[in-house]
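Only a predicted model underlies this, so the values are computations on that prediction, with no experimental measurement involved.
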Amino acid sequence: MFMKGCPMSCVWCHNPEGMAGGKQLMWFDVRCIGARDCLKACPVGALELTSEGMRIDRERCDGCGLCQAACPAGAIEVVGGT
């Protein structure tokens with residue numbers, strides 16, 4: 001089991017998204033069907049779907065979850081919290 005906010009910062013960690021505390025957006029490429037509903041739902045314009053994959057502007061993203069609710073394939077999830 002992995003927990004958000006791990007303070008250890010191990011260089012070999014295979015779960016680096018767990019190091020940051022608080023809400024964080026995750027994108028799963030194998031689930032994405034390219035519907036782009038998430039892009040339209042993001043009120044701060046933090047998402048961009050490119051040929052390389054989803055670019056998430058983590059400075060803009062506030063973890064509101066509107067993109068998660070809009071994604072028909074469940075390719076975007078907000079993890080962590082408080």
Provide the full list of side chain to side chain donor-acceptor pair (under 3.5 Å) pairs with a residue in residues 33-46, sequence neighbours left out, each pair given once.
-> none
Indicate, with yes or no, if L49 and I33 share a hydrophobic cluster defined by side-chain heavy-atom contacts under 4.5 Å among Ile, Leu, Val, Met, Phe, Trp and Tyr.
-> no
Can you find a pair of side-chain heavy atoms, one from M54 and one from C38, that are under 4.5 Å apart?
-> yes
Hey, what else clusters with L66 if you join Ile, Leu, Val, Met, Phe, Trp, Tyr whenever side-chain heavy atoms sit under 4.5 Å?
-> none
Distance-only criterion, 3.5 Å: show the donor-acceptor pairs between side-chain atoms of residues 68-77 and protein atoms not counting sequence neighbours.
unit_1, atom_1, unit_2, atom_2, d
Q68, OE1, V78, N, 2.7
E77, OE2, R31, NH1, 2.6

Which pairs with one or both residues in residues 62-73 pass salt bridge (Lys or Arg N to Asp or Glu O under 4.0 Å), sequence neighbours excluded?
-> none
Rounded distance (nearest 0.5 Å) linking atom SG of C61 with atom CG of L25 | 4.5 Å
Side-chain donor/acceptor of R60 to backbone N/O of G45, under 3.5 Å = yes
Sequence-distant partners of E59, salt bridge (Lys or Arg N to Asp or Glu O under 4.0 Å), two or more places apart = none
